[in-house]
Amino acid sequence: CTDVYVSIAKINSGNARLSDYEILKIKNVTEENYVFVNSYLRGNDTTDLESIQAKVNEAVSEFGAIKRINEGVASIDDYKNIIGTDYAVDAETGERVEVPYVNSNNINYINGLIKDKGYTTPSAIKRFVLIAIEEFDSLERITKGEALLSDYTDLEISDVTSENLAYVN
């Protein structure tokens with residue numbers, strides 16, 4: 001019984017070992033993810049095992065998404081789970097709609113850029129992805145011949161000026 005309380009205290013402090021999760025019969029914590037799980041659970045003053053398991057499941061899901069992102073094989077849902085979504089107003093209905101940052105148009109580009117970067121936090125991944133999306137959007141406008149001068153300067157293409165922009169496009 002004392003071991004149970006000690007293990008719960010270690011989990012809530014973010015200092016648990018695999019054996020602490022095993023004592024509590026908490027599933028899905030592995031050698032590969034327990035440091036991430038500890039960090040995720042640090043500061044939770046959870047004492048019941050169902051709540052601990054639920055938080056562990058959230059952590060393991062996030063860990064898996066971050067791992068796939070760093071492997072360059074993430075899905076749109078992985079990015080939605082890690083960095084969230086943006087919102088826009090539907091022109092026809094006037095309703096606010098969810099718009100994922102990463103979509104079917106840019107996912108291959110973003111997966112290719114982020115592969116093997118080693119990001120471990122959602123905030124670092126989001127910063128990287130937002131910059132990558134800006135680059136992707138600029139490249140897309142350039143390809144379509146609709147680029148602004150800022151698209152070229154943002155990509156550090158310096159030979160394009162306001163005088164030759166129309167010609168270059």
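- Within a 6.0 Å sphere centred on CZ of R42, heavy atoms belonging to other residues, nucleotides or ligands number more than 12.
- Within the 3.5 Å criterion, the main-chain N or O of E92 finds a donor-acceptor partner in the side chain of D90.
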(Q) Go through it in stages, so that I can follow the logic: the residues are F36 and I66, the test is side chain to side chain contact (heavy atoms under 4.5 Å, CB included), and I'd like the CA-CA distance, side-chain angles, deciding distance and then a yes or no. (A) CA-CA 11 Å; F36 185 88; I66 289 172; 3.9 Å; yes
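- Distance check: F128 CZ to L113 CG gives 5.0 Å after rounding to the nearest 0.5 Å.
- Between N33 and N28, the shortest heavy-atom distance links the atoms ND2-O, 3.1 Å.
- When all heavy atoms of T85 and E98 are compared, the pair lying nearest together is OG1-CG, 3.0 Å.
- Considering only heavy atoms from C-beta on, D159 stays 4.5 Å or farther from Y152 through its side chain.
- Taken from CD in E50 to CD1 in I26, the straight-line distance is 10.0 Å, to the nearest 0.5 Å.
- The structure places CD1 of I8 at 12.0 Å from OG of S13, a figure rounded to the nearest 0.5 Å.
- There is a path of hydrophobic side-chain contacts, each under 4.5 Å, that joins V4 to V29.
- Grouping the Ile, Leu, Val, Met, Phe, Trp and Tyr side chains by contacts below 4.5 angstrom, directly or via other members, places Y109 apart from V73.
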**Q.** Check against side chain to side chain contact (heavy atoms under 4.5 Å, CB included), L149 and V160
**A.** CA-CA 7 Å; L149 186 57; V160 180; 3.9 Å; yes
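- Of the inter-residue distances, the one linking E134 atom CD with S150 atom OG reads 10.0 Å to the nearest 0.5 angstrom.
- Between atom CD of residue E58 and atom NZ of residue K55 there is a gap of 4.5 Å, rounded to the nearest 0.5 Å.
- Residues I131 and I69 do not share a hydrophobic cluster, clusters being chains of Ile/Leu/Val/Met/Phe/Trp/Tyr side chains in contact below 4.5 Å.
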Q: Would you sort out whether N12 and L41 count as a side chain to side chain contact (heavy atoms under 4.5 Å, CB included), showing the intermediate values?
A: CA-CA 6 Å; N12 286 326; L41 271 65; 5.8 Å; no
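- Between Q53 and L49, the closest side-chain pair of non-hydrogen atoms is not below 4.5 Å.
- In the hydrophobic cluster analysis, where Ile, Leu, Val, Met, Phe, Trp and Tyr join through side-chain heavy atoms closer than 4.5 angstrom, L148 is grouped apart from I142.
- A heavy-atom distance below 4.5 Å is not found between the side chains of F63 and V37.
- When all heavy atoms are compared, the tightest approach of I133 to N106 is CG1-ND2, 3.8 Å.
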Q: Could you please spell out the steps behind the side chain to side chain contact (heavy atoms under 4.5 Å, CB included) verdict for V129 and K126?
A: CA-CA 5 Å; V129 167; K126 186 172 185 174; 5.7 Å; no
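- Counting heavy atoms from C-beta on, the side chains of I110 and F136 never come closer than 4.5 Å.
- For the pair E31/L18, a side-chain contact is recorded, criterion being any heavy-atom separation below 4.5 Å from C-beta on.
- One distance of note links CG of D48 with CG of L24; it measures 11.0 Å at 0.5 Å rounding.
- Of all non-hydrogen atoms in P100 and I76, the two that sit nearest each other are CB-CG2, 4.4 Å.
- Closest non-hydrogen pair, Y119 versus I125, comes out as CB-CG1, 3.5 Å.
- Across all their heavy atoms, Y79 and A74 have their closest contact at CE1-CB, 3.5 Å.
- For the pair R17/E22, no side-chain contact is recorded, criterion being any heavy-atom separation below 4.5 Å from C-beta on.
- Residue pairs that meet the side chain to side chain donor-acceptor pair (under 3.5 Å) test with at least one member in residues 62-78, sequence neighbours left out, are E32-K67, R68-D78, S75-D78.
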